[in-house]
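The structure follows.
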2 protein chains.
Amino acid sequence: MPTIFDVAQAAGVGVGTVSRVLNDSPAVSDSTRSRVLAVISALDYRPSSLARGLSLGTSNIIGAVVPTVTHPSSMERLHGVLDELGGSGYDLALYQVEGEEQRSSRIRDIVRPDRCSAGLLVSLRATPDEIFLMVRAKRPVVAIDGYIEGLPGCHIDNVAGGRMATEHLLALGHRVIAFVGDVEDDLGFNPGAARFEGYRAALRGCHVPLRDDLIKTGPSCRERADQLTGHLFDLAEPPTGIVATSDTQAFGVMAAVRSRGMEVPTDVSVVGFDDLELAGHLGLTTVRQPLYESGVLGARMVLQQLDGHRDGLDVVELPLEVVVRETTAPPNNGSALYGA
Amino acid sequence: MPTIFDVAQAAGVGVGTVSRVLNDSPAVSDSTRSRVLAVISALDYRPSSLARGLSLGTSNIIGAVVPTVTHPSSMERLHGVLDELGGSGYDLALYQVEGEEQRSSRIRDIVRPDRCSAGLLVSLRATPDEIFLMVRAKRPVVAIDGYIEGLPGCHIDNVAGGRMATEHLLALGHRVIAFVGDVEDDLGFNPGAARFEGYRAALRGCHVPLRDDLIKTGPSCRERADQLTGHLFDLAEPPTGIVATSDTQAFGVMAAVRSRGMEVPTDVSVVGFDDLELAGHLGLTTVRQPLYESGVLGARMVLQQLDGHRDGLDVVELPLEVVVRETTAPPNNGSALYGA
DNA sequence: CGTGGCCCTGGAAGCGATTCCAGGCAGGTG
DNA sequence: CACCTGCCTGGAATCGCTTCCAGGGCCACG
């Protein structure tokens, strides 16, 4: 593996000159530059990123911290990040965090200049201590999907999203609308609570009373959705519409509905959240949030800061949109139109 | 940010001694060791991985090359990799490749000692040139899901898998079985062709003639599945069972079936492949392959080689299993049992 | 023709670790 | 008491790059 010294020798110049060619310094004559360039390609020389990093005091790695990589929405975002980082010369290091402690230690990692030159926090929150750490490190860190005080990033209005999903059902005439989701709000950042807020607000806006028995919150989508959805249909007045906090949960809800011999949307309408690729395949009506785009945007913001541009420091709110497909329809029982 | 020199000064020792403590060298007296350790934790010192890497001639990064990160099965595997790498001290760099060219350049990257200390090839093939590159680099590279000549790794028997899926339907009494999938075999490694082999073999084994009109191959699961599945039901003798090359495709098939007012499994049985988490939620009968486990195993093999163990160099074949859920049943029309 | 200034260039000093080598000290032995 | 043997230890050299500094060559000007 050739070093800069080998190149310098072969080209008959000093290492400084080779370095200057490598870094596009204008202080190199054209003839020298082309001679060096020729040797570089002849030797297939590529500078050691390790040595370069040590000298420069920073690596060429962007660290992404993600709660659970298997969650499809995280993957969509990461996909965007990877695409945007593509030709930038930066590599993406992936850190998965599962508990409080891990997150803290990972954040400590990504702000260390010998580990990462910048960081991306995906669907995550941070404690004041952690924020202090990041700000003090003066290192570009961008929050993708999650507002973190003092950090640039992008996020969505989850309250509005929950409201939009619910209002879609209300507009169709539904008045008995259940909410299925995870509202546990640990520091891992769970948008379910905010979406539930939106659900409540929408109902209030239509003067539909909130019924506790229509609210099914469970630890996570990992549970068989039957357990969450099941009891809803044993109620005296079962729901005609269901708002789920995520597409994944909506899929579970649909399976549960069908396992009880009912039809979607004939017997009950279902709305999801995210608009995963699969939602399109399965015809799920859902609130679309720009997952892929959030990754692209976050990566771009980091890259801009790395380039020294002082823009790209904003906090951007991404748009939401209800995508109507085949899982929502007016309620079967027309009375709901005039009731409540 | 303290350096090894600061620690040495504060502890009243030389840098060599600090380094020895850091690397668990036995040639340090207990008293000195504990003194140094105390200073290290007092200063919250952590060695620069950049400097360490330059000195050692290699980074502490394991590079994973993955075709499309958004594919749920890749994510499951990566999840396993991340879990196994957790406390190892190695970071995971994620490289997404989309075309021929990208793959080649990424492979070139991961065998460079200044970039990665080892590599993981997920669901990928390699040209002889690329294999030569990796072998010559004498750097641990493991193939996860994909057999690559000369490289350790793990994979499954896709022919057997396709056969198992088909035989499951045959055992239930189906005789008109369609195949829906992507058999395009680019170098990005597509197991669909092998699974189709298995499908053919299973039919042959039961003396069921192969019917071209029952074979729907399309570019990918990204297409709306209706287009692949649709025409199947316009046939004079439509299928009573469908084998899909992946769970994702099976979901699309199911949606298409339902959109035509038919029921799964009453009117038609569907078998998938992979056993994604979602398959469990939606009750899909499928051929389970150990996705998560393949990641764990691959990572472990890499780690073992990095530790100098010369084991972990095998090529392992992972087991497959038909997971029967609610999308398969005997055909409605009993005649199939006695026909053909 | 002498000289100042501007390009361009070579090379040394750092970046922060590892590791090798030389040497100090203590203890055991003759 | 002298000497040898090990055990610990300090520090220099090294990894491959960037960057700063000094200096050589050339041109223009006086």
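In what follows, every chain begins at residue 1, and chains take the letters A, B, ... in the order their sequences are listed.
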Discussion item. Output the rounded distance in Å from CG (D30(A)) to P (dC7(C)).
Written reply: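 So the CG-P distance, D30(A) to dC7(C), works out to 14 Å.
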
Worksheet entry | Donor-acceptor contact below 3.5 Å, side chain S34(A) vs main chain D30(A) |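 Such a contact is found between S34(A) side chain and D30(A) backbone.
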
Response to the item:
Testing dA12(D), dT18(D), dC15(D) for proximity to the side chain of V15(B), the answer is dA12(D)

Worksheet item: Which residue, V296(B), D91(B), L303(B), V302(B), forms the side chain to side chain contact (heavy atoms under 4.5 Å, CB included) with L85(B)?
Response: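 Result for side chain to side chain contact (heavy atoms under 4.5 Å, CB included) with L85(B): L303(B).
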
Discussion item. With a cut-off of less than 4.0 Å, is there a side-chain N or O of R20(A) near OP1 or OP2 of dC8(C)?
Written reply: no

Item to complete: For the residue pair H79(A) and Y292(A), categorise the inter-ring angle as parallel (less than 30°), tilted (30 to 60°) or perpendicular (more than 60°).
Response: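 H79(A) vs Y292(A) ring planes: perpendicular.
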
Discussion item. Any base atoms under 4.0 Å from G16(A), or only sugar-phosphate, or nothing? Heavy atoms, all strands.
Written reply: base

Worksheet item: When we call it a touch if two heavy atoms are under 4.0 Å apart, what does S19(B) touch: a base, just sugar-phosphate, or nothing?
Response: base

Item to complete: Could you check Q304(A), R300(A), M301(A) and say which one makes a side chain to side chain contact (heavy atoms under 4.5 Å, CB included) with V142(A)?
Response: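 Result for side chain to side chain contact (heavy atoms under 4.5 Å, CB included) with V142(A): M301(A).
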
Discussion item. Check this one for me: any side-chain N or O of T17(A) less than 4.0 Å away from OP1 or OP2 of dG10(C)?
Written reply: yes

Item to complete: Would you kindly give the CD1-to-P distance between I4(B) and dT9(D), to the nearest whole Å?
Response: 15 Å

Practice prompt. Pick base, sugar-phosphate or nothing for S29(B), based on heavy-atom distances below 4.0 Å to the nucleic acid.
Written response: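 Sugar-phosphate: the residue S29(B), judged by heavy atoms under 4.0 Å, touches backbone atoms but no base.
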
Worksheet item: Choosing from dC15(D), dC17(D), dC15(C), which nucleotide comes nearest the side chain of L54(A)?
Response: dC15(C)

Worksheet item: Which of the following nucleotides, dT18(C), dG10(D), dC17(D), is nearest to the side chain of V13(B)?
Response: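 When the side chain of V13(B) is considered, dG10(D) is the closest of dT18(C), dG10(D), dC17(D).
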
Worksheet item: Taking CG from L22(A) and P from dT19(D), how many angstroms apart are they, rounded to a whole number?
Response: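 In whole Å, dT19(D) P lies 11 Å from L22(A) CG.
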
Worksheet item: What nucleotide among dT9(D), dG10(C), dG14(C) has an atom nearest to a side-chain atom of S55(A)?
Response: dG14(C)

Worksheet entry | Within 6.0 angstrom of F132(A) CZ, more than 12 heavy atoms from elsewhere | no

Discussion item. Using a heavy-atom cut-off of 4.0 Å across all strands, would you classify N23(B) as base, sugar-phosphate, or nothing?
Written reply: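 Sugar-phosphate, backbone atoms only, no base.
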
Worksheet entry | Spacing between N60(A) atom CG and dG16(D) atom P, to the nearest angstrom |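 From N60(A) CG to dG16(D) P: 17 Å.
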
